[in-house]
Structure formats: C-alpha cells, structure tokens
Amino acid sequence: YYDVNTPAQDRYRHFIAGLSAGVKFEIGPIDLGSAIDRNARWDARSGQWIPTTGVQLNTGADHRWLASFCQEHGLKPSFAVFDSMHILNLGTVVDWGLAGPAPLLVKLFLAHGNAAPKTLLFLLDRLKDILPQWRTCWMPVSTGSDQLPLAALALSLGGHVRVGIGDYS
C-alpha cells in the first residue's frame with residue numbers, strides 16, 4: 001500500500017524486486033505529469049533543470065527516477081502524453097539525457113472528448129516543435145469508437161497502432 005504522493009521508487013518497488021530476480025518486462029509508459037505543472041524548473045546559476053517535488057502523481061523527481069531506473073536496467077522507456085504540457089516535460093527528460101537512445105517511444109492518449117484527428121495532429125506538431133532533433137515512434141491510444149479512425153490516421157502519417165484488449169467497446 002502507498003499514498004498517491006509516495007515517491008516513484010516506493011510505488012515501483014515490485015518492479016525493483018522483479019528485476020533483481022531476473023524478470024525482464026516493460027514497466028509501462030512514464031506518465032509525464034500534470035497538465036498544469038512543469039516537471040522541472042530551469043536554474044540559470046547551475047545551467048540545469050531542477051526536478052519538481054510537487055503534488056502531481058509523478059513529479060519531476062519521479063520522472064527522473066523512472067527514466068534513470070529504465071536506463072540502469074536496460075529497459076526502453078516509453079512516455080505517456082495526455083496533453084501538450086507533457087511534451088514539454090518529455091523535453092526536460094531528454095535534456096537530462098534520460099530518454100534513452102532514439103527513437104523515443106511516445107503514446108499519445110486521446111480520450112474524454114480529446115480523441116479527435118485535429119488533437120492528434122496538434123500533439124504531433126508540438127512533438128516536432130519541442131523535440132525536432134529526435135526521431136519518435138508514436139501511437140495514439142484511445143478507446144471506443146474513436147479508436148479505428150485514429151488508428152487509420154496514425155498509419156497514414158507514419159505512426160504506429162496500439163490496440164488493447166477491451167479497448168473497443
């Protein structure tokens with residue numbers, strides 16, 4: 001049991017135990033945080049991003065720990081993007097040198113009235129604006145009847161398709 005504000009290293013202790021026992025798995029995408037909060041602040045004196053420790057589910061300190069955890073254990077990180085602020089937060093993880101080698105694996109979550117082709121196109125434009133030097137392997141993630149049109153659009157744009165059991169209802 002843990003509280004939502006518990007640091008990532010405590011919430012992911014079962015993954016640490018599994019890797020220590022030799023189990024290899026994907027930990028799931030790194031949720032890049034709140035829609036209203038950056039995961040770090042730029043410190044002009046040190047010339048570095050300083051991770052936040054606010055009250056969002058995954059703070060900047062959690063992002064840095066999760067990405068470092070993947071790097072230390074040879075896991076390819078994937079990143080969960082729910083809105084454009086998350087793309088800014090992904091840029092910080094890249095600046096920290098913790099995003100792993102290219103391509104970046106990015107899951108664009110489009111749901112709750114946000115599952116529209118124009119939203120997908122906007123997020124892809126933001127990815128190109130914020131991370132122009134990075135090749136990305138991206139896919140929209142949606143549920144229900146929005147899933148198939150977004151999958152078709154993703155394939156036509158050079159993206160990938162992700163469909164989970166029970167997603168289409």
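We use all heavy atoms of the structure for the numbers below, so side chains are in, but hydrogens, waters and symmetry mates are not. These numbers come from a predicted model, not from an experiment.
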Query raised in the report: Is the side chain of Ser142 donor-acceptor paired with the backbone N or O of Leu110 at a distance under 3.5 Å, no angle test?
Result: yes
Query raised in the report: Between Trp49 (side chain) and Asp95 (backbone), is there a donor-acceptor pair under 3.5 Å?
Result: no
Can you tell me how far apart [atom1] ([X]) and [atom2] ([Y]) are? Round to the nearest 0.5 Å.
X: Glu72; Y: Leu98; atom1: CD; atom2: CG; value: 9.0 Å
X: Ser20; Y: His73; atom1: OG; atom2: NE2; value: 6.5 Å
X: His86; Y: Phe79; atom1: NE2; atom2: CZ; value: 13.0 Å

Minimum heavy-atom distance between [X] and [Y], given as atom pair plus value:
X: His63; Y: Asn89; answer: CE1-ND2, 4.3 Å
X: Asp83; Y: Leu123; answer: C-CD2, 3.9 Å
X: Val94; Y: Ala99; answer: CG2-CB, 3.7 Å

Requested in this report: Pick out which of Thr119, Leu108, Thr136, Val106 makes a side-chain contact (heavy atoms from CB on, under 4.5 Å) with Leu124.
Outcome: Leu108
Requested in this report: Return the set of residues passing ring-ring contact (aromatic ring centres under 6.0 Å, His included) with His160 (not counting sequence neighbours), or none when no residue passes.
Outcome: none
Report task. Tell me, please, which residues at least two apart from Trp134 pass ring-ring contact (aromatic ring centres under 6.0 Å, His included). Result -> none
Not counting sequence neighbours, which residues clear side-chain contact (heavy atoms from CB on, under 4.5 Å) with [X]? List them please.
X: Leu105; value: Lys76, Ser78, Cys137
X: Ala152; value: none
X: Ala8; value: Arg11, Tyr12, Asp62, Trp65, Leu66
X: Leu121; value: Leu157

Query raised in the report: Which residues satisfy the side chain to side chain donor-acceptor pair (under 3.5 Å) test with Asp125, sequence neighbours excluded?
Result: none
**Report entry** Residues that Ser46 engages under side chain to side chain donor-acceptor pair (under 3.5 Å), provided they are two or more places apart
**Finding:** Asp43
**Report entry** Side-chain heavy-atom pair Leu127, Leu90 within 4.5 angstrom cut-off
**Finding:** yes
**Report entry** Counterpart residues, salt bridge (charged side-chain N to carboxylate O under 4.0 Å, His left out), relative to Arg64 (two or more places apart)
**Finding:** none
Query - Partners passing salt bridge (charged side-chain N to carboxylate O under 4.0 Å, His left out) against Asp129 (at least two apart in sequence or in another chain) - result: Arg126
Query raised in the report: Going hydrophobic residue to hydrophobic residue with side-chain gaps under 4.5 angstrom, can you get from Val93 over to Ile50?
Result: no
Requested in this report: Over 60° means perpendicular and under 30° means parallel, so classify the ring planes of Phe109 and Phe82, tilted if in between.
Outcome: parallel
Report task. Could you check Leu19 against Leu75 for side-chain contact (heavy atoms from CB on, under 4.5 Å), going step by step and ending with a plain yes or no? Result -> CA-CA 10 Å; Leu19 285 169; Leu75 302 171; 4.0 Å; yes
Requested in this report: Could you give me the CA-CA distance, side-chain angles and deciding distance for Trp138 and Leu104, then say whether side-chain contact (heavy atoms from CB on, under 4.5 Å) is met?
Outcome: CA-CA 8 Å; Trp138 60 269; Leu104 293 174; over 6 Å; no
